[in-house]
Amino acid sequence: MSRLSSVQQKVPCLFLTEVKQEQSRKRLGQPFQVIATEHLNPLALESNVESALATEKLDGTCCYVTYYEGQPYLWARLDRKPTKLADKSFKKYQHSHKSSKGFTWKVEEDFRTVPEAWIPAHGVKHHEGTPVPDDHGHIPGWVPVQTDNKQYCWHSSTVDYDAGVALVLRPGDQSPDLLELALVPLVDLMEQTLELIGTNVNGNPYGMGAKKQPLHALVSHGSVGVGGPSSPPPLDLQGLTSWFQESREGGVEGIVWHCDDGTLVKVHRHHLGLGWPDGDCSFSSRPVEVRVDWTADHDYRLHTKDLFASLSRLDGQRFSRLQDVRFDT
């Protein structure tokens with residue numbers, strides 16, 4: 001595999017799934033949940049999932065790095081969704097036909113407007129130049145994270161476009177368990193997707209930062225492995241359920257397998273009827289070293305980035321757990 005695949009669209013489950021009419025463990029107010037069956041997804045088998053790289057699925061929000069106005073830029077996930085009326089018609093059709101196949105969309109009329117800079121995700125089908133909704137009635141896409149947009153203030157706290165850098169949390173070189181919080185040139189992240197995690201994202205399951213001193217960082221998809229070549233997570237339903245419940249590494253939201261042909265498949269704890277978060281998270285329990293020198297190599301002093309400046313005061317320090325990283329008062 002030349003490189004890890006980016007997460008551009010909804011990743012299918014490792015197993016075939018079924019819908020149960022009971023309260024969702026994942027989404028509040030959702031009267032159904034999607035549960036894995038014992039049967040592996042044929043797509044996973046065709047892509048030789050047995051030899052795939054198993055990586056941790058982190059609980060955050062998806063981002064993408066590509067060019068905007070001639071420079072590397074961070075983009076936030078923004079799926080174009082139907083209006084309430086169109087969505088009601090779509091769900092009624094799905095219920096009566098037990099499928100979304102055959103439903104006809106009028107995209108310009110049925111879908112909400114998006115910012116002018118919005119782009120569809122890679123792999124979105126087009127018809128006569130217009131993006132086509134997926135089976136869930138969404139058009140996956142991206143919008144550039146501009147520093148004056150308060151909606152994406154936590155995204156923008158992790159990047160400095162003038163300096164051309166992003167704050168990335170990644171496995172360190174010294175130890176497989178050690179994490180490194182470091183500044184990385186945005187150009188080195190081009191065409192990658194990453195997960196934004198931190199204090200104000202998805203309830204902060206990793207215990208990062210604090211309300212008065214929030215901490216957010218980007219994690220490249222596929223960069224955090226689980227299991228390893230000698231002890232990969234099992235691929236059967238019962239074995240995988242036990243792995244989540246009993247193994248030292250099982251305190252994760254889910255697993256994403258990167259197959260050699262570029263196919264991605266995943267399993268979420270909720271697919272197995274397990275709650276999340278559930279006790280200590282493996283990721284937040286890992287040691288982390290801060291490598292943020294906001295004045296070295298580049299004239300960063302010209303830029304005012306509160307988060308970067310705060311972390312710079314911790315440069316070189318090692319913490320026993322990610323959740324222990326706190327700024328000097």
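All residue numbers refer to positions in the sequence shown, counting from 1. Note that the structure is predicted; figures quoted are calculated from it, not measured. All values below were derived from every heavy atom in this structure, side-chain atoms included, with hydrogens, water molecules and symmetry-related copies excluded.
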Practice task
Could you tell me whether the side chain of S312 and the main chain of A309 form a donor-acceptor pair under 3.5 Å?
Solution key: no
Handout entry: N/O donor-acceptor pair under 3.5 Å between R170 side chain and L179 backbone
Key = no
Handout entry: Check: Y68 and V145 side chains under 4.5 Å, non-hydrogen atoms
Key = no
Handout entry: side chain to side chain contact (heavy atoms under 4.5 Å, CB included) between H258 and L264, intermediate numbers included
Key = CA-CA 5 Å; H258 291 250; L264 299 175; 3.2 Å; yes
Exercise for the section: Give, for atom OG of S320 and atom CZ of R286, the distance between the pair rounded to the nearest 0.5 Å. Expected result: 14.0 Å
Handout entry: Residue D148 excluded, over 12 heavy atoms near CG under 6.0 Å
Key = yes
Handout entry: Pair E108 + K106, salt bridge at N-O below 4.0 Å
Key = no
Exercise for the section: Kindly compute the distance separating CZ (F15) from NE2 (H271), expressed to the nearest 0.5 Å. Expected result: 10.0 Å
Exercise for the section: Indicate whether any N or O donor in one side chain lies under 3.5 Å from an N or O acceptor in the other, for H216 and T158. Expected result: no
Exercise for the section: With rounding to the nearest 0.5 Å, note down the distance linking SG in C281 to CG in L322. Expected result: 10.0 Å
Practice task
Considering non-hydrogen atoms only, spot the tightest contact between L181 and A217 and give its length.
Solution key: CD1-CB, 3.9 Å
Handout entry: Heavy-atom side-chain proximity of W257 to K266 below 4.5 angstrom
Key = no
Problem - Test log, rule salt bridge (charged side-chain N to carboxylate O under 4.0 Å, His left out), inputs D278 and R269 - result: CA-CA 10 Å; D278 183 20; R269 294 178 70 96; 3.2 Å; yes
Problem - Heavy-atom check, side chain of N202 versus side chain of T61, under 4.5 Å - result: no
Handout entry: Donor on one side chain, acceptor on other, T263 and D261, under 3.5 Å
Key = yes
Problem - Co-membership, hydrophobic cluster, residues V7 and L43, 4.5 Å side-chain - result: no
Handout entry: Distance-only polar pair, side chains of S51 and N48, donor-acceptor under 3.5 Å
Key = yes
Practice task
Write down the atom of L237, the atom of E38, and the distance for their closest heavy-atom approach.
Solution key: CD2-CG, 3.7 Å
Problem - Ring geometry between F103 and W105 (parallel below 30°, tilted from 30 to 60°, perpendicular above 60°) - result: perpendicular
Handout entry: Connected via hydrophobic side-chain network under 4.5 Å: Y67 and V65
Key = yes
Handout entry: Ion pair D79/R77, N-O distance below 4.0 Å
Key = yes
Completion exercise
Between W142 and the options Y64, W75, W118, the ring pair (Phe, Tyr, Trp, His ring centres under 6.0 Å) test singles out Y64
Fill in the blank from the handout: The reported gap from CD in E195 to OG1 in T193 (rounded to nearest 0.5 angstrom) is 8.5 Å
Practice task
Over 60° means perpendicular and under 30° means parallel, so classify the ring planes of F283 and Y206, tilted if in between.
Solution key: perpendicular
Problem - Close side-chain approach of L183 and W294, heavy atoms under 4.5 Å - result: yes
Exercise for the section: Run the salt-bridge test on R321 and D324 with the 4.0 Å N-O cut-off and return the result as yes or no. Expected result: yes
Exercise for the section: Please answer: with hydrophobic residues joined when any side-chain heavy atoms are less than 4.5 Å apart, are Y152 and L218 in the same cluster? Expected result: yes
Exercise for the section: Evaluate the side chain to side chain contact (heavy atoms under 4.5 Å, CB included) criterion for residues E50 and L235: first the C-alpha distance (whole Å), next the side-chain angles of each, then the deciding distance (0.1 Å), finally the verdict. Expected result: CA-CA 8 Å; E50 293 88 351; L235 295 174; 4.0 Å; yes
Problem - Beyond-backbone contact of N41 with V49, side-chain heavy atoms, under 4.5 angstrom - result: no
Handout entry: Between E191 and T66: side-chain donor-acceptor atoms closer than 3.5 Å
Key = yes
Practice task
Nearest 0.5 Å please: distance from the CG atom of L78 over to the NZ atom of K81.
Solution key: 8.5 Å
Practice task
Apply side chain to side chain contact (heavy atoms under 4.5 Å, CB included) to the pair T55 and I255, showing each step before the final yes or no.
Solution key: CA-CA 6 Å; T55 68; I255 303 172; 5.9 Å; no
Problem - Short side-chain to backbone donor-acceptor contact, E249 and G227, under 3.5 Å - result: yes
Problem - Within 6.0 Å of NE2 in H127, more than 12 heavy atoms from elsewhere - result: no
Practice task
Indicate yes or no: at least one non-hydrogen side-chain atom of R313 is less than 4.5 angstrom from one of S310.
Solution key: yes
Handout entry: Under 3.5 Å: donor-acceptor pair, side chain of S220, backbone of S223
Key = no
Exercise for the section: Look at the aromatic rings of H268 and H270 and report parallel, tilted or perpendicular, splitting at 30° and 60°. Expected result: parallel
Handout entry: Steps toward side-chain hydrogen bond (donor to acceptor under 3.5 Å, both in side chains) verdict (S6, Q192)
Key = CA-CA 6 Å; S6 63; Q192 290 188 33; over 6 Å; no
Handout entry: Joint hydrophobic cluster, V11 plus I197, side-chain heavy atoms closer than 4.5 Å
Key = no
Practice task
Verify, without hydrogens or angle tests, whether R80 (side chain) and R112 (backbone) share a donor-acceptor contact under 3.5 angstrom.
Solution key: yes
Problem - Donor-acceptor side-chain pairing of S100 and Q94 below 3.5 angstrom - result: no
Practice task
Supply the atom-to-atom distance I139 CD1 to Q9 CD, rounded to the nearest 0.5 angstrom.
Solution key: 11.0 Å
Exercise for the section: Kindly work out whether a path of hydrophobic side-chain contacts (I/L/V/M/F/W/Y, heavy atoms less than 4.5 Å apart) joins L194 to V256. Expected result: no
Practice task
Applying side chain to side chain contact (heavy atoms under 4.5 Å, CB included), run through L314 and V292 and close with a yes or a no.
Solution key: CA-CA 8 Å; L314 303 178; V292 177; over 6 Å; no
